[in-house]
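Here is the structure we will look at.
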Amino acid sequence: MLPRVRFAPSPTGWLHVGGARTALFNWLYARRHGGTFVLRIEDTDEARNTEEAMRAILSGLKWLGIDWDEGPEKEGGRGPYFQSRRKDLYLRYVRRLLDEKKAYEEKGAIRFRLPRRVMSVPDLICGMVHIDLSAEPDLTLVRADGSFIFHLVNVVDDLEMGITHVIRGEDHLSNTPKHLALYEAFAAKPPAFAHIPLILNKDGTKMSKRDAGAALGEYMAKGYAPDAVRNYLCLLGWSPKDNREVMTLEELVARFDLAQVNRSNARFDLDKLEWMNTRHMMDMPLPRFLELARPHLGEEGAKDPAYADRVLAAVKDKVKHLADLPAQTLYFFRDDFPIEPEAMAKALRKPGAADRLAELRARYATTAEWNAAALEAELKALAAAKGAKPAEFIHPCRAATSGRTIGPSLYPMLEALGRERVLARLDRARSMT
RNA sequence: GACCCCAUCGGCUAGUGGUUAGGCCAUCACCCUUUCACGGUGAAUGCACGGGUUCGAAUCCCGUUGGGGUCGCCA
């Protein structure tokens with residue numbers, strides 16, 4: 001039987017990295033085994049649910065490349081996929097428990113009689129876990145106001161939706177015996193459970209929604225590559241066991257399985273995510289980079305899309321975060337870009353810089369082919385002819401054309417800027433040396 | 001507090017009785033170099049502790065300590 005798994009967030013806040021990774025593991029498991037990934041919205045807490053949070057969760061999942069086979073915007077045979085629209089169903093299950101005296105009413109609420117014995121949870125990751133329910137208080141299923149409690153709806157939905165594997169955070173492990181008791185009361189076969197370790201903050205405390213860096217939206221806004229965030233998240237609690245770290249989506253799908261999921265919690269390490277991000281930016285094909293980067297360029301990029309793409313290609317291997325793009329590429333789009341003090345001091349105000357810029361300007365004015373290779377050959381030939389090191393031309397040229405001391409490789413940068421801009425800027429800079 | 005899970009460099013991890021305990025991030029040094037990066041080489045740093053089992057434990061068992069989680073009419 002092909003697996004059916006689900007991610008069941010409650011729309012009470014933004015998607016956080018822990019939830020994102022849980023979704024990812026479920027999705028990966030489904031894709032790896034040709035199963036079905038269901039997205040179910042657990043909106044039973046009407047007071048705290050927001051439409052905004054719902055949209056944030058969906059867009060976060062999509063951003064990570066996670067699609068669902070059944071769920072919101074994609075109705076399947078087991079819907080509806082919002083718990084707020086399944087109340088009749090829950091009521092039927094509760095009535096049945098009431099009829100069979102397995103539940104009772106108390107102060108208007110309905111409570112489930114927990115079996116007072118040791119329950120065993122066969123967990124795919126933690127092994128067999130025995131938990132004694134003898135001292136546990138009965139489980140409330142329905143509030144006095146008639147709304148339903150998580151444990152009830154979660155179990156009923158997993159049952160009704162034919163979920164075969166419940167992959168969720170380890171924080172649910174201790175509650176699982178109660179869920180098992182519910183399955184038993186419904187005379188139903190429970191799904192397999194796999195409790196994955198939690199993601200901790202850098203200081204080892206549990207990462208929760210409000211912690212710094214916990215919201216996936218932050219990474220989306222700062223312009224991380226989803227390929228990198230997804231890859232990094234997978235490496236928290238899972239390992240392909242062969243020292244491979246940088247992997248594409250396809251590679252992750254091909255390698256992922258529950259058997260290689262760890263039992264111990266992992267800390268979120270921003271430094272490594274940064275590294276992973278630049279790695280992915282450099283490794284990814286240009287078309288993919290353009291697709292991710294274009295939206296971050298803003299108005300400047302929209303004026304001349306072809307030029308914008310050339311700019312992006314030139315800076316691709318140097319970008320840390322896509323959100324930095326507007327500031328980082330300002331000089332490509334505006335002639336009134338600032339000349340940084342450091343560029344002024346270290347390059348333009350050097351003795352002989354003005355002459356070099358003039359010589360280079362003359363040379364570039366007549367360069368036949370305006371491309372990186374030709375520009376490099378011209379500059380080096382000029383340097384050799386003047387008995388100077390290429391660097392003595394390179395640094396003033398970079399400062400003059402970009403106003404900065406750091407940036408992409410010079411020749412591709414000049415090629416992208418185009419002859420007209422480069423010559424004008426070399427002229428302008430001479431008067432500032 | 002009770003119960004549950006966990007424990008290898010600072011972080012993420014490989015390792016399932018015999019290894020010089022490996023890789024990646026971060027750190028430091030050097031090399032490469034048109035800047036910044038990238039890349040390369042090297043360094044430093046680890047099996048939480050105590051008992052067992054065994055010819056032999058990072059690996060198996062028990063305990064201690066530490067960390068995390070759960071005990072809601074939150075999910």
Side-chain angles (χ1 to χ4, degrees), chain A residues 8-13 19 42-45 47-49 83 106-111 121 123 125-127 129-137 139-151 153-154 168-178 195 197-200 202-207 209 232 235-246 260 262-276 278-279 282 315 317-320 328 342-343 346-347 376 379-380 383 389-399 402 404-411 413:
Chain A
S10 68
T12 55
E42 305 216 332
D43 54 350
T44 54
D45 187 348
R48 297 198 302 152
N49 295 327
Q83 291 185 331
E106 182 183 78
K107 294 177 184 172
I110 294 174
R111 313 194 74 197
V121 183
D123 190 278
I125 292 166
C126 302
V129 179
H130 307 281
I131 296 178
D132 189 357
L133 292 184
S134 315
E136 286 295 315
L139 196 61
T140 302
L141 302 179
V142 187
R143 300 185 187 89
D145 68 2
S147 60
F148 301 95
I149 298 290
F150 161 76
H151 302 289
V153 295
N154 189 267
R168 58 178 14 166
E170 196 224 75
D171 49 342
H172 287 289
L173 182 57
S174 296
N175 282 326
T176 305
K178 299 170 190 171
H195 289 92
L198 302 179
I199 297 178
L200 272 23
K202 188 136 198 161
D203 64 1
T205 56
K206 186 197 178 189
M207 183 181 264
K209 291 183 183 183
Y232 177 68
L235 258 20
L236 253 25
W238 171 77
S239 163
K241 310 284 186 191
D242 61 359
N243 288 339
R244 275 294 305 281
E245 303 217 277
V246 181
Q260 306 113 358
N262 282 151
R263 295 183 181 201
S264 50
N265 296 343
R267 298 182 194 208
F268 190 87
D269 181 1
L270 189 59
D271 285 333
K272 188 152 184 176
L273 207 208
E274 295 288 346
W275 167 79
M276 183 71 78
T278 49
R279 265 258 64 84
M282 287 189 290
V315 302
D317 292 351
K318 306 288 177 170
V319 179
K320 282 189 88 70
Q328 233 177 74
E342 200 183 342
K346 286 190 175 172
E376 177 170 4
L379 186 146
K380 285 184 172 166
K389 286 186 294 185
E392 293 176 78
F393 285 88
I394 287 167
H395 296 305
C397 180
R398 175 186 298 286
S402 74
R404 314 181 61 178
T405 56
I406 63 171
S409 294
L410 183 71
Y411 312 109
M413 180 181 109

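- With rounding to the nearest 0.5 angstrom, the CG atom of A:L141 is 7.5 Å from the CD1 atom of A:I110.
- B:G1 and B:C71 make up a base pair, with Watson-Crick or G-U wobble contacts both under 3.5 Å.
- A sub-4.0 Å separation between OP1 or OP2 of B:U34 and a side-chain N or O of A:R398 is absent.
- Of the possible polar contacts, none joining the A:R398 side chain to the A:S409 backbone as a donor-acceptor pair under 3.5 Å is found.
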Nucleotides 59-63 of chain B: which of its N/O atoms have a protein N/O under 3.5 Å away?
none

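- Distance A:H130 NE2 to B:A2 P: 21 Å, rounded to the nearest Å.
- In this structure, A:K320 atom NZ and B:A37 atom P are separated by 9 Å, rounded to whole Å.
- If you measure from atom CZ of A:R404 to atom C1' of B:A37, you get 13 Å, rounded to the nearest angstrom.
- Atom name P, nucleotides B:U16 and B:C55: the rounded distance is 22 Å, in whole Å.
- For A:K318, no side-chain nitrogen or oxygen approaches OP1 or OP2 of B:C36 to under 4.0 Å.
- Searching all strands for a Watson-Crick or G-U wobble partner of B:C49 with both distances below 3.5 Å returns B:G63.
- No contact: A:F393 has no heavy atom under 4.0 Å from any strand.
- Remark: B:U54 base-pairs with no nucleotide in the shown strands. Criterion, Watson-Crick or G-U wobble with two distances under 3.5 Å.
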Distances under 3.5 Å only, N/O to N/O: pair up the protein atoms with those of nucleotides 20-25 of chain B.
unit_1: B:G22; atom_1: N2; unit_2: A:N243; atom_2: OD1; d: 3.0
unit_1: B:G23; atom_1: O4'; unit_2: A:N243; atom_2: ND2; d: 3.4
unit_1: B:C24; atom_1: O4'; unit_2: A:E245; atom_2: OE1; d: 3.1
unit_1: B:C24; atom_1: O2'; unit_2: A:E245; atom_2: OE1; d: 2.6
unit_1: B:C24; atom_1: O2; unit_2: A:K272; atom_2: NZ; d: 2.7
unit_1: B:C25; atom_1: OP1; unit_2: A:W275; atom_2: NE1; d: 3.3
unit_1: B:C25; atom_1: O2'; unit_2: A:K272; atom_2: N; d: 3.3

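- Residue A:I110 is classed as having no contact, given no heavy-atom separation below 4.0 Å to the nucleic acid.
- Following rounding to the nearest Å, A:M413 (CE) and B:A37 (C1') show an atom-to-atom distance of 15 Å.
- Each of A:K380 and A:A266 was matched to the nucleotide of RNA chain B holding its nearest heavy atom; the match closer to the 5' end belongs to A:A266.
- Here the closest heavy-atom approach between residue A:A391 and residue A:P396 is recorded as O-CD, 4.0 Å.
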Kindly determine whether A:D132 and A:S134 satisfy side chain to side chain donor-acceptor pair (under 3.5 Å), including the steps that lead there.
CA-CA 6 Å; A:D132 189 357; A:S134 315; 2.4 Å; yes
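- Nucleic acid contact for A:G169: none, since no nucleic acid atom lies under 4.0 Å from a heavy atom of the residue.
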Show the numbers, then the answer: is there a side chain to side chain donor-acceptor pair (under 3.5 Å) between A:R168 and A:T176?
CA-CA 11 Å; A:R168 58 178 14 166; A:T176 305; 3.2 Å; yes
What verdict does the side-chain contact (heavy atoms from CB on, under 4.5 Å) test give for A:H195 and A:V129, after you've listed the backbone C-alpha separation in whole Å, the side-chain angles of each residue and the deciding distance to 0.1 Å?
CA-CA 11 Å; A:H195 289 92; A:V129 179; over 6 Å; no
With B for base contact, S for sugar-phosphate-only contact and - for none (protein heavy atoms under 4.0 Å), nucleotides 66-75 of chain B reads --BBSSSBBB
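- Between A:R263 atom CZ and B:U13 atom P there is a gap of 14 Å when expressed in whole angstrom units.
- For A:R279, no side-chain nitrogen or oxygen approaches OP1 or OP2 of B:A37 to under 4.0 Å.
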